[in-house]
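Below is one structure, written out as structure tokens, with a few remarks after it.
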Amino acid sequence: MNTTSMKSNQRLSTALTYIVLILGSVLMIFPFVWMILTSFKTQAESMAIPPQILPSHWDLDNFVTALQSLPFVNLYINTGLLILFRVLCAVIFSSMAGYAFAKLEFPCKKLLFGIVLVQMMLPSQIFITPQYLMLARMGLTNTIFALVFPGLVSAFGTFFLRQTYLGIPNEIAEAAYLDGCNKWQTFTKVMFPLTGSSCAALAIFTAVFAYSDLMWPLICNTDLNMMTLSAGLSTLNGQYTTNFPVLMAGSLLAMIPMVILYLLFQKQFIQGIAMTGGK
């Protein structure tokens, strides 16, 4: 095979790769584009057959209706607090537990870590009833703590950071001990700072999962003013009919916090995904 033929095959392969990537990008973006277009349509236009792609009039009536139907200020605050506290709990407690399982020796260590693995394999839905009963008996439903409660500990975070600590040489902790650090100082001043990228990845995934959580916020908080964005949007679904343009307008408003967070921390988000995939 001559050089010209090899270059031609390489260009063809590159062109096919770009075509596949472009088609995949279009498939990924299409639902968001359709959501934006639907948010400007009327109810009749959103249900027209064949589908009407562009709205007849571009106005903000659906956004006004969505803002009047839901207390978005409260929903934004509740969602922000949910994400903040779940991220803090996941990073802090998972770091301590992961370090203990990776570097410390204590009774029943393997048994306890096995319980963590079992919890990872079980569906989270089976814990909803006991968790709700605990909150109800303490009188803590319809509170911010109720939203955060299932995320106080993270089995995935514990396992993930344990693997990170296992990758750190024991000689580093031994050197810190020889320099006069106790176990707590070794963890906080030496070992924990070395897991910055892993903690960032865990924080990103925890924030995304907390933002998209729907079932638990609907169960623990029945007061609309104490719901999150995802739970509040679900109340726009009617029993018999749904005003899809208003629902899409509300969904666009609900996307604003995560879009802003992604634009601000885009570099960290990509690094966290790449680092997690590498592990």
Side-chain angles (χ1 to χ4, degrees), residues 77 79-121 124 127 131 134 138 140 143-211 213 257-258 261-262 264-279:
I77 294 175
T79 304
L81 292 175
L82 168 64
I83 293 174
L84 173 63
F85 287 122
R86 282 203 180 181
V87 167
L88 289 177
C89 290
V91 172
I92 294 174
F93 295 143
S94 297
S95 294
M96 292 190 291
Y99 176 74
F101 282 122
K103 299 299 183 181
L104 302 181
E105 296 296 332
F106 51 90
C108 303
K109 174 181 175 179
K110 293 184 178 180
L111 174 62
L112 293 175
F113 186 67
I115 294 175
V116 173
L117 296 180
V118 170
Q119 185 180 353
M120 285 181 59
M121 293 183 287
S124 60
F127 301 110
Q131 288 171 346
M134 292 172 64
M138 292 186 292
L140 294 176
T143 62
I144 296 298
F145 178 80
L147 296 174
V148 181
F149 182 62
L152 291 178
V153 293
S154 171
F156 167 75
T158 300
F159 172 78
F160 178 62
L161 290 179
R162 172 186 178 271
Q163 300 306 112
T164 301
Y165 282 114
L166 286 176
I168 300 177
N170 293 329
E171 288 77 8
I172 296 178
E174 293 172 357
Y177 178 76
L178 292 176
D179 288 337
C181 292
N182 56 33
K183 292 182 179 179
W184 177 250
Q185 292 172 330
T186 301
F187 167 69
T188 57
K189 296 182 179 181
V190 180
M191 303 297 281
F192 179 70
L194 296 177
T195 63
S197 58
S198 297
C199 289
L202 177 61
I204 289 170
F205 285 116
T206 303
V208 173
F209 293 151
Y211 172 80
D213 191 6
M258 291 305 294
L261 285 176
Y262 176 75
L264 292 176
F265 302 102
Q266 182 178 3
K267 181 179 179 181
Q268 290 80 357
F269 183 86
I270 295 174
Q271 287 179 346
I273 298 293
M275 185 274 300
T276 307
K279 282 186 173 298

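Nothing fancy with the numbering, it's 1 onward along the sequence. Below, each value reflects all heavy atoms present in this structure, side chains not excepted, and no hydrogens, waters or symmetry copies.
Scanning all heavy atoms of the two residues, the minimum distance from Ala210 to Leu82 falls at O-CD2, 3.5 Å. Between Met120 and Ala155, the shortest heavy-atom contact is CG-CB, 3.5 Å. What you find for Leu147 and Pro150 is that their closest heavy atoms are O-CD, 3.6 Å. Here the closest non-hydrogen pair linking Ser198 and Phe160 is O-CE2, 3.3 Å. Taking all atoms of both residues into account, the shortest heavy-atom contact from Thr195 to Thr164 is CG2-CG2, 3.7 Å. Considering all non-hydrogen atoms of both residues, Ser154 and Gly157 come closest at OG-N, 2.9 Å.
Atoms CG and CG, on Leu152 and Leu88 in that order, are 11.5 Å from each other to the nearest 0.5 Å. How far CG of Asp213 is from OG1 of Thr206: 12.0 Å, rounded to the nearest 0.5 Å.
In this structure, Phe159 and Phe113 have parallel ring planes: the angle between them is below the 30° cut-off, well short of the 60° mark. The aromatic rings of Phe187 and Phe192 sit tilted relative to each other, their planes meeting at an angle between 30° and 60°.
Counting only heavy atoms from C-beta outward, the side chains of Thr158 and Phe101 approach each other to under 4.5 Å. Looking at heavy atoms from C-beta onward, Phe106 lies in side-chain contact with Leu112 at the 4.5 angstrom threshold. In this structure, the side chains of Leu202 and Phe156 come closer than 4.5 Å at one or more pairs of heavy atoms. Between Val190 and Ile172 there is a side-chain heavy-atom pair separated by less than 4.5 Å.
Checked by atom type and distance alone, the side chain of Arg86 never pairs as donor or acceptor with a backbone atom of Ala203 at under 3.5 Å. No donor-acceptor distance shorter than 3.5 angstrom exists from the side chain of Lys103 to the backbone of Arg162, with no hydrogens or angles considered. Side chain of Ser94 to main chain of Val91: no donor-acceptor pair is present (N/O by atom type, distance under 3.5 Å, no hydrogens or angles). Thr143 contributes a side-chain N or O that, together with a main-chain N or O of Ala146, makes up a donor-acceptor pair within less than 3.5 Å.
More than 12 heavy atoms of other residues, nucleotides or ligands lie within 6.0 Å of NZ in Lys109, so this atom counts as buried by the packing criterion.
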Sequence neighbours excluded and cut-off under 3.5 Å, please list the side-chain donor-acceptor pairs for residues 176-183, or say none.
residue	atom	partner	partner atom	Å
Asn182	OD1	Trp184	N	3.2
Asn182	OD1	Gln185	N	2.7

Please walk me through it: do Thr186 and Tyr99 pass side chain to side chain contact (heavy atoms under 4.5 Å, CB included)?
-> CA-CA 11 Å; Thr186 301; Tyr99 176 74; 3.8 Å; yes
